[in-house]
Amino acid sequence: MPSAYGNMTAGELDEAIASLESEAAELKARGLSLDMARGKPSPEQVALSLPILDVLTSSADLVDEGIDASNYGCPDGLPSARALGANLLGVDPSQVIAAGSSSLELMYSLVSKAFSTGVRGDAPWSEQGPVRFLCPAPGYDRHFAITQHFGIENVPVRMRGDGPDMDEVERLVEGDPSVKGIWCVPKYQNPTGVTFSDEVVRRFVSMRPAARDFRIFWDNAYCVHDLVEPGETVMNVFDALALADVTDRVYEFASTSKVTLPGSGLAWLAASPSDIADVKATLSLERVCPNKIVQLAHVRYLKDVAGITEHMAEQAKVLRPRFDLVERKLSEGLGGLGVATWTHPKGGYFVSFDGPAGSAKAIVALAAQLGVKLTPAGATWPGGVDPDDTNIRIAPTYPSLEDLSAALDVFVVCVRLVSARLARDARG
Ligand SMILES: Cc1ncc(COP(=O)(O)O)c(C=O)c1O
């Protein structure tokens, strides 16, 4: 269907472009410096977690279930920290390692390990010829950067409304032994906000990979990040595996980065008992033990899954107005023009925006000229190459409501102007 700009006469379109250009010039003259690129919690969210710093003092009891958190020991993490992660992910604590403060670091370690020493005794990926990894796109650029770093070929697979295109995933995973893994964010995916359907989870666990050392990197980064009540739920992938009678298939990750203090919290890995043993052997070479003091403070502060849920409900109160503002500004500014679509997530950190084909780079560049920094166009695709140049990740969490409102006004003008110019170019 042609857009509102496509339906205009040549004269009307020229007039619309001239009017948008003068709006853009006015915005530029304001000398704004706003940032809508960062998927970071806002200072108000972080403030909610600062009492963690008061939990442990020099006189606190630092022994947890018989383990002295202030000394070496417990390479798999404090038992209570492992139990918290296990309850959160719905698995047995024996299947969980609590390590470090970054789930991304764990993901990197596992790819690095597979690449240099192999998975469960199979040859290292580096010695198996060309190796490929599937990248649901739009997706998370830092995932794609890890596999790209090791020279692994990132293969894009389209994200759909219920998860990755599973016909394509099955075709590639079952037909090609060089496909060793896939990046997945099963709940409130970054950036689409899509939660994988039960059918998609079932298809993931019942695939028959051509490679024995194929693993799904199931990054459950947004497992407790609901914006509304009730939020969405994703099927427990380990329950699904058990039902399908499959064991060694999934590495699941989660962290408290966007629950408490980013970079100063807990990160968890869950996997089958044999995979956990395999991973432990490597992790135990990397360090003697994780930061158990941070683990202890978190467990004492958050207590249990109910405590996390309560804490996240407070965070949602901070975030919801930001997401509502994005929805309102985009609907008011772009609704009915037929130039763009965007997601309406019930959780997570992003809104995924699609403009006309060939528009995203131009919109991001124009917004930068007008003083608004956006996530680089293409970042949501492996190699930075969005085949249609449509997708832009909007990150509304960090700016204040006032800054976000000003940034969205600029964004809307940029989308309108670029779309109108494209409609004019299309007429030749
Ligand atoms: C999908 C996803 N995974 C992982 C991370 C980073 O997690 P961590 O801080 O635990 O490394 C992010 C941060 O934006 C993310 O969006």
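We count ligands from 1, going down the list as the structure has it; atoms in each ligand are counted the same way.
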What do we get for Ser102 next to ligand 1 when only non-hydrogen atoms under 4.0 Å count, side chain, backbone, both or neither?
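Both backbone and side chain.
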
Would you mind running through ligand 1 and noting each atom that sits below 4.0 Å from a heavy atom of [X]?
X	result
Ala221	1 (C), 2 (C), 3 (N)
Ser257	8 (P), 9 (O), 10 (O)
Ser255	8 (P), 10 (O)
Val185	1 (C)

Compute both the distance and the angle, then confirm whether Lys40 meets the cation-pi test with Tyr398: under 6.0 Å from the six-membered ring centre, within 45 degrees of the axis.
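The answer is yes; both the distance and angle limits are met.
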
What residue and heavy atom of the protein are closest to [atom], and at what distance?
atom	value
atom 5 (C) of ligand 1	Tyr140 OH, 3.5 Å
atom 14 (O) of ligand 1	Lys258 NZ, 2.5 Å
atom 7 (O) of ligand 1	Ser103 OG, 3.3 Å

Identified side-chain hydrogen bond (donor to acceptor under 3.5 Å, both in side chains) partner of Thr380 from the options Asn391, Asp386, Thr375:
Asn391

Going by distance only, is there an N or O of [X] that falls short of 3.5 Å from an N or O of ligand 1?
X	answer
Ser101	no
Leu104	yes
Glu105	no

Intermediate values then yes/no, ring-ring contact (aromatic ring centres under 6.0 Å, His included), Phe217 and Phe133:
CA-CA 10 Å; Phe217 283 58; Phe133 227 83; 5.4 Å; yes

Ion pair check, Arg158 and Glu168, cut-off under 4.0 Å:
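No, no charged N to carboxylate O under 4.0 Å.
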
Measuring centre to centre across the rings, with the benzene-like ring taken for any Trp, is Phe350 within less than 6.0 Å of Tyr188?
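Between Tyr188 and Phe350, which both carry aromatic rings, the centre distance is not below 6.0 Å.
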
Please confirm whether the ring centroid of Tyr301 lies under 6.0 Å from the ring centroid of His298.
no

Counting only heavy atoms, tell me which of Tyr222, Phe350, Tyr349 gets closest to atom 16 (O) of ligand 1.
Tyr222

Residue selection (non-hydrogen contact nearest atom 2 (C) of ligand 1) among Val259, Asn220, Asp219
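Shortest heavy-atom distance from atom 2 (C) of ligand 1: Asp219.
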
Any side-chain heavy atom of Asp219 sitting closer than 4.5 Å to one from Asn190?
no

Quick one: which of Phe204, Phe238, Phe253, Trp183 gives a ring pair (Phe, Tyr, Trp, His ring centres under 6.0 Å) with Trp218?
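It is Phe204; the other options fail the test.
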
So the ring pair (Phe, Tyr, Trp, His ring centres under 6.0 Å) pairs with at least one residue in residues 82-109 (sequence neighbours excluded) are Tyr108-His149, Tyr108-Phe150

